[in-house]
Amino acid sequence: MPRDPLIGLVGKPSAGKSSTLNSLTDATSKVGNFPFTTIDPQRAIGYLQIDCACKRYGLTDKCKPNYGACIDGRRSVPIELLDVAGLVPGAHEGKGLGNKFLDDLRHADALIHVVDASGTTDAEGKVTRGYDPSVDIAWLRSEIVAWIRGNLMTKWGSIKRRHIAVKATAVETLQNQFSGYGSTSAVVARTLDKLALKEPLEEWSDETIDKVVNAFTDEKFPTVIALNKIDHPDADKNIAKIAKQQDPNNIVLCSAISEIFLRKMAKQGYIRYTEGSEFVDTREDLIADGDPDGGGLKELDEKNKNRIENLKDMVLYRFGSTGVVHVLSKAAEILGLVPVFPVRNTTTFGSGATGDGKAVFRDCVLVKKNSTVADVARKVMGDAPIAYIEGAGGMRVAEDQLVGVGKNDILSFKVGK
């Protein structure tokens with residue numbers, strides 16, 4: 001049965017990881033059904049923003065998710081987050097909480113590395129000025145690579161002997177070694193395909209092993225770089241440097257503390273704000289736009305009024321948003337997550353006992369790219385016997401069909417033999 005995607009948050013002390021986690025799991029400004037966000041001290045539920053199928057069919061007014069919310073076709077889907085603690089240089093040697101850090105890390109499908117783009121905290125999270133945050137990005141990856149390579153090389157002699165004795169393929173041998181990192185044979189196969197190695201495993205040089213471990217790290221732990229504290233004066237030059245060194249497609253600029261502040265003010269009735277938006281309306285803004293009641297919002301004091309104006313100038317207008325919502329969206333993008341909507345009735349899209357209830361698209365599950373209809377059936381129905389599966393409009397769908405956005409993403413599973 002496919003496991004739910006798990007996104008790990010990593011970052012040195014004072015980089016803003018806790019603020020980022022809080023902003024991803026906070027649902028106070030939404031309207032909908034949100035479960036408790038904390039699973040255990042390290043696991044929590046975040047909310048991924050997606051385009052809901054209700055918008056496709058003009059049913060936004062009838063969409064009532066069992067979990068999360070859907071506002072005008074923009075849906076918040078629960079996704080599990082892991083707070084990976086103990087990130088310090090030398091983690092692979094057991095420094096700090098290194099062993100726990102790496103043990104927690106292995107469970108994640110993708111990582112969000114929260115980086116202090118302001119350069120005001122050093123490698124251990126202590127206050128400084130002029131620190132180069134690109135160093136943090138490099139040593140996070142080097143810690144993971146060193147950990148995996150160290151474990152592999154410790155047993156490399158016996159690994160080669162067994163590989164020859166049982167006449168195994170390179171994929172089979174490496175998967176035996178990498179399974180402890182949550183790997184699958186498909187991950188190992190993709191790793192080796194990208195390298196297109198010619199020599200057999202037993203003849204691999206140290207250089208080839210390094211290439212394999214690096215490629216495996218990229219495949220198993222795809223990472224979003226969340227450059228936090230973008231409103232700090234020193235952030236610009238650091239962002240420019242990092243953008244030249246890293247894949248820009250994996251970088252998100254964000255200000256977690258700004259997002260938390262805006263949601264708090266919205267919850268308390270001082271502003272009108274939707275998470276991920278570039279717009280904030282105060283009572284004065286709405287009155288200026290012709291609403292004599294100012295939207296029923298409270299009057300801001302001078303301190304908070306100035307803070308919001310500065311936040312608009314330094315973050316929202318400049319970068320388009322606080323970036324926090326986009327961090328989770330980027331993680332879902334690099335994993336290729338596809339939202340699928342299980343329903344009872346594929347004509348009305350209802351999910352009640354008869355499928356003809358007024359509410360539509362009550363449920364949504366996230367599956368990885370290249371998942372088949374059968375994979376979704378196992379995820380949703382477990383071991384229940386499935387007679388056949390219907391797609392939108394009542395058309396039967398073959399179990400080996402792939403799911404994608406707008407393709408086999410609305411499914412009804414008919415139980416029977």
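From a predicted model like this one, the values you see are computed outputs, not experimental measurements. Numbering of residues begins at 1 and proceeds along the displayed sequence.
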For the pair [X] (side chain) and [Y] (backbone), establish whether a donor and an acceptor sit closer than 3.5 Å, ignoring hydrogens and angles.
{"X": "Ser412", "Y": "Val343", "answer": "yes"}
{"X": "Asn228", "Y": "Ala256", "answer": "yes"}
{"X": "Thr282", "Y": "Asp285", "answer": "yes"}
{"X": "Arg43", "Y": "Leu81", "answer": "no"}
{"X": "Asn408", "Y": "Leu402", "answer": "yes"}

Is [Y] close to [X] at the side-chain level, that is, under 4.5 Å between some pair of heavy atoms?
{"X": "Tyr67", "Y": "Ile45", "answer": "no"}
{"X": "Arg74", "Y": "Cys52", "answer": "no"}
{"X": "Met153", "Y": "Ile209", "answer": "yes"}
{"X": "Val367", "Y": "Asp375", "answer": "no"}
{"X": "Tyr273", "Y": "Phe279", "answer": "no"}

Subject >> Minimum heavy-atom distance Ala170-His163, with the two atoms named >> reply: N-CE1, 3.8 Å

Subject >> Arg307 to Phe261, cation-pi by 6.0 Å centre distance and 45° axis angle >> reply: yes

Original post:
Under the criterion side chain to side chain contact (heavy atoms under 4.5 Å, CB included), which of Val380, Asp409, Ile410, Leu411 is the partner of Pro342?
Top reply: Val380

**OP:** Give the intermediate values and the outcome of salt bridge (Lys or Arg N to Asp or Glu O under 4.0 Å) for residues Arg149 and Asp210.
**Re:** CA-CA 7 Å; Arg149 190 185 190 282; Asp210 285 343; 2.2 Å; yes

**OP:** Go through the steps to decide whether Leu195 and Asp193 satisfy the test side-chain contact (heavy atoms from CB on, under 4.5 Å), and finish with yes or no.
**Re:** CA-CA 5 Å; Leu195 293 173; Asp193 286 345; over 6 Å; no

Original post:
Ala374: what forms a side-chain contact (heavy atoms from CB on, under 4.5 Å) with it, not counting sequence neighbours?
Top reply: Thr372, Arg378, Glu399

**OP:** Using the test side-chain contact (heavy atoms from CB on, under 4.5 Å), find all partners of Ser185 that sit at least two apart in sequence or belong to another chain.
**Re:** Val171, Gln175

**OP:** Could you check whether the rings of Phe361 and Phe349 sit parallel, tilted or perpendicular, using 30° and 60° as the cut-offs?
**Re:** parallel

**OP:** Would you check, one step at a time, whether the test side-chain contact (heavy atoms from CB on, under 4.5 Å) holds for Glu143 with Trp139?
**Re:** CA-CA 6 Å; Glu143 286 293 336; Trp139 64 249; 4.2 Å; yes

Original post:
Would you call Asp218 and Arg141 a salt bridge, taking side-chain N to carboxylate O under 4.0 Å as the test?
Top reply: yes

Subject >> Worked verdict on Ser258 versus Ser255 for side chain to side chain donor-acceptor pair (under 3.5 Å) >> reply: CA-CA 5 Å; Ser258 296; Ser255 174; 2.6 Å; yes

**OP:** For a side chain to side chain donor-acceptor pair (under 3.5 Å) with Arg129, tell me which candidate from Asp234, Thr121, Thr120 qualifies.
**Re:** Asp234

